[in-house]
Amino acid sequence: MSTAQRVLITSALPYINGVKHLGNLIGSQLPADVYGRFCRALGRDTLLICATDEHGTPAELAALEAGQSVEAYCTEWHGVQKDLCDRFGLSWDHFGRSSSRQNKELTQHFARVLWHNGHLEVRTTRQVYSGTDGRFLPDRYVIGTCPHCGYDRARGDQCENCTRVLDPTDLINPRSALSGAADIEIRDSAHLFLKQSAFAGRLREWIDSHKNEWPNLVTSIAYKWLDEGLQDRGITRDLSWGVPVPDDIADGKLKGKVFYVWFDAPIAYIAATKEWADANGKGEAWRSWWTEGKANDPLSVRYVEFMAKDNVPFHTVGFPCTLFGANETEQPAWKVVDHLKGFNWLTYYGGKFSTSQKRGVFMDTALELLPADYWRYYLLANAPESADSSFTWEHFAGTVNKDLADVLGNFVNRVTKFCAARFDGKVPDDGRYGDEEVKLASDLDVRVKQYTDYLEALEFRKAVAELRAIWVVGNEYLTRAAPWTELKTDRARAAASVRMGLNLVRLFGHLAWPIIPSSAVKILATVSETPAIVPWPHAKMGAFLSELIPGAPIQPADVLFAKIADEQIAEWQTRFGGTE
RNA sequence: GGCAGCGUAGCUCAGUGGUAGAGCAGGGGAAUCAUAAUCCCUUGGUCGGGGGUUCAAAUCCCUCCGCUGCUACCA
């Protein structure tokens with residue numbers, strides 16, 4: 001594992017079109033935040049970047065439907081998404097926009113470099129044009145009767161009924177999915193293609209070099225694309241909303257066209273870093289985050305990307321091709337990802353989360369029901385890492401009630417309240433740690449290291465399971481030490497174990513901060529700590545668990561995590577539906 | 001159709017050649033500081049079916065079944 005002290009982290013960009021659901025959240029943004037917080041806690045120079053992905057057909061159509069300009073629509077929804085990020089504790093250094101001036105400039109820059117380096121070429125393609133709608137239509141926005149099975153609402157890219165792959169020209173009685181109009185025609189249209197096929201060998205070597213560290217999910221998707229034979233890819237579209245193709249490319253033959261959203265979206269990682277620098281008076285500092293460092297350079301950056309599996313091809317094929325092609329002439333070279341963490345899907349009772357069918361739980365409604373940390377904990381404890389994972393209300397409530405309320409919340413409560421009742425609400429001074437405490441500390445040394453290693457390895461499920469096991473160790477200790485019994489015969493002994501209990505509360509706050517930040521802050525407030533960034537416990541546990549100063553005030557917490565009642569589960573099942 | 005991932009205890013999942021595991025749920029007990037919270041013990045599985053390789057298979061190979069996704073102009 002790298003020891004780089006500078007870490008650049010990006011989350012896949014959420015699409016601008018509406019509120020994201022819990023599956024989107026656990027698929028990239030939440031794990032990126034956890035790793036970012038973990039790196040900051042360790043004292044690493046960390047930059048955590050996300051943005052909204054604003055270009056493409058769906059944004060244009062959603063704006064049309066909302067009766068807004070695309071710009072206004074995107075500005076509004078960027079605001080909504082940013083607010084939801086804040087309320088979920090997603091601690092971006094910058095949450096940018098792919099429609100920013102910076103991204104326009106950088107996208108055009110990359111296109112020019114690729115053009116000059118001979119990696120782009122103009123090809124004429126046949127596109128569906130709808131007269132009534134006055135626009136070109138992507139294949140899936142053309143519907144008609146499937147020539148294979150007769151299904152009358154087959155899409156131009158695939159028939160949902162018989163699952164066969166189609167071309168829009170295969171459809172019988174084709175019509176626009178937008179207006180239903182039948183006046184559609186095929187028009188020739190010139191587009192830029194990125195000659196990806198030339199990079200196949202280079203990409204395979206690059207994937208090979210990472211296959212032992214990246215998730216199997218990621219490398220198997222990448223190999224699948226390479227094995228099937230990499231095709232050149234169109235990187236422009238006949239849309240009005242997007243980054244315009246500059247006139248100096250292809251002698252202006254592509255005037256009025258824009259870049260494909262998947263060409264400019266990854267570049268927006270870099271552009272959002274520039275937005276961050278511009279907004280914070282950092283000047284050219286953004287470049288150092290995106291520069292490939294020399295070996296052993298202390299300023300070298302480790303770059304980690306988070307995304308769900310649908311994004312993997314664009315990050316293992318498309319974006320690397322852009323960077324490889326540009327790096328033939330760009331000095332210093334652009335940074336290519338070091339570690340790529342991919343996720344499977346979170347399902348809702350085994351089925352798809354669906355915006356259109358209102359199936360599942362979305363970020364805004366989730367926060368109306370319960371605080372962010374409940375969701376953060378559940379999602380990370382059940383992150384879809386090795387396979388798709390299923391959200392159910394019963395499982396969610398069971399996890400929250402047992403782990404957060406009973407194991408963690410009750411521990412903090414029992415220790416701090418006992419201290420308040422029997423030790424005057426101050427860290428007890430009497431007594432000394434004995435064999436029991438030495439054994440506890442050595443047990444925790446092993447577990448804290450394991451937890452740290454899991455976070456470093458981006459194994460979120462295992463990390464959370466280990467964190468929970470650490471909380472259980474606290475409860476086990478308290479049961480063995482039984483200060484409520486010792487108090488009757490040996491007050492000093494009871495005092496030492498309460499002091500240890502309070503130090504454990506503090507430890508739990510430090511360790512839990514990347515996962516459940518606002519709860520961790522509340523926990524630390526009980527022992528009068530209020531750091532903005534909660535530092536990782538570097539010390540051996542024997543020392544760390546002696547750091548609370550005797551006599552320091554203790555403020556017992558209110559109920560940290562309220563339990564979810566059976567009636568609430570029943571109500572939410574009914575309200576959110578789709579459980580059959 | 002092709003390809004990929006997955007299929008292990010009632011539930012959610014670990015486990016990639018060496019005596020089947022965890023958490024939850026279920027059962028029994030202890031304790032009474034605490035949100036009736038905790039702690040200890042415990043029931044429970046022909047590892048999707050079949051075939052093969054091996055001294056030894058959840059693990060490797062073949063085949064079948066099931067679920068999910070992708071299939072390059074949705075993002």
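Naming convention: chains lettered A, B, ... in sequence-line order (proteins, then strands); numbering from 1 in each chain.
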Between the protein and nucleotides 40-44 of chain B, list every N/O to N/O distance that falls short of 3.5 Å.
| residue | atom | partner | partner atom | Å |
| --- | --- | --- | --- | --- |
| B/C40 | OP1 | A/Glu476 | OE2 | 3.2 |

How close or far is atom [atom2] of [N] from atom [atom1] of [X], stated in whole angstroms?
X: A/Asp310; N: B/G5; atom1: CG; atom2: C1'; result: 14 Å
X: A/Asp167; N: B/G1; atom1: CG; atom2: P; result: 21 Å
X: A/Arg155; N: B/U71; atom1: CZ; atom2: C1'; result: 12 Å
X: A/Leu13; N: B/A75; atom1: CG; atom2: P; result: 13 Å
X: A/Tyr378; N: B/C24; atom1: OH; atom2: C1'; result: 12 Å
X: A/Glu60; N: B/A75; atom1: CD; atom2: C1'; result: 14 Å

Q. Do A/Arg461 and A/Tyr454 meet the cation-pi criteria used here (NZ or CZ under 6.0 Å from the six-membered ring centre, within 45° of the axis)?
A. no

Q. For A/Phe193, is the NZ or CZ atom of A/Lys195 found under 6.0 angstrom from the centre of its six-membered ring and inside 45 degrees of the ring axis?
A. no

Q) Between A/Arg155 and A/Asp139, is the closest basic N to carboxylate O distance under 4.0 Å? A) no

Q) Salt bridge or not for A/Lys462 and A/Asp453, using N-O below 4.0 Å? A) no

Base, sugar-phosphate, or nothing: which does [X] touch, judged by heavy atoms less than 4.0 Å apart?
X: A/Pro58; result: sugar-phosphate
X: A/Gly474; result: nothing
X: A/Trp345; result: sugar-phosphate
X: A/Thr416; result: nothing
X: A/Arg480; result: nothing
X: A/Gln158; result: base

Q: Evaluate the criterion side chain to side chain contact (heavy atoms under 4.5 Å, CB included) for residue pair A/Tyr73 and A/Trp241; output intermediate values, then yes/no.
A: CA-CA 12 Å; A/Tyr73 174 87; A/Trp241 173 239; over 6 Å; no

Q: Please work out which of the three classes, parallel, tilted or perpendicular, describes the rings of A/Phe508 and A/Phe411, given edges at 30° and 60°.
A: tilted

Distance below 4.0 Å between [X] side-chain N/O and [N] OP1 or OP2:
X: A/Arg233; N: B/A72; value: no
X: A/Arg468; N: B/A22; value: no
X: A/Ser389; N: B/C13; value: yes

**Q.** Opposite nucleotide pairing with B/A4, Watson-Crick or G-U, both atom distances under 3.5 Å
**A.** B/U68

Q. Which nucleotide in the list B/G1, B/A4, B/U12 gets nearest to the side chain of A/Arg461?
A. B/U12

**Q.** Residues which pass ring-ring contact (aromatic ring centres under 6.0 Å, His included) with A/Tyr374, listed by chain and number, not counting sequence neighbours
**A.** A/Phe561

Q) Do the side chain of A/Glu228 and the base of B/U71 come within less than 3.5 angstrom through a donor-acceptor pair of N or O atoms? A) no

Extract from the structure each pairing of a protein N or O with an N or O of nucleotides 31-37 of chain B at less than 3.5 Å, listing the distance.
| residue | atom | partner | partner atom | Å |
| --- | --- | --- | --- | --- |
| B/C33 | O2' | A/Arg414 | O | 3.3 |
| B/C33 | O2 | A/Arg414 | NE | 3.0 |
| B/C33 | N3 | A/Arg414 | NE | 3.4 |
| B/C33 | N3 | A/Arg414 | NH2 | 2.5 |
| B/C33 | N4 | A/Arg414 | NH2 | 3.2 |
| B/A34 | O2' | A/Asn410 | OD1 | 2.5 |
| B/A34 | N3 | A/Asn410 | ND2 | 3.1 |
| B/A34 | N3 | A/Arg414 | NE | 3.2 |
| B/U35 | OP1 | A/Lys417 | NZ | 2.4 |
| B/U35 | N3 | A/Phe561 | O | 2.8 |
| B/U35 | O4 | A/Phe561 | N | 3.2 |
| B/U35 | O4 | A/Phe561 | O | 3.4 |
| B/A37 | OP1 | A/Lys563 | NZ | 2.9 |
| B/A37 | O5' | A/Lys563 | NZ | 2.9 |
| B/A37 | O2' | A/Asp406 | O | 3.1 |
| B/A37 | O2' | A/Asn410 | ND2 | 2.4 |

Q: Nearest 0.5 Å please: distance from the OG1 atom of A/Thr10 over to the CD atom of A/Glu305.
A: 4.5 Å

**Q.** Rounded C1' spacing from B/U38 to B/U32 in Å
**A.** 10 Å

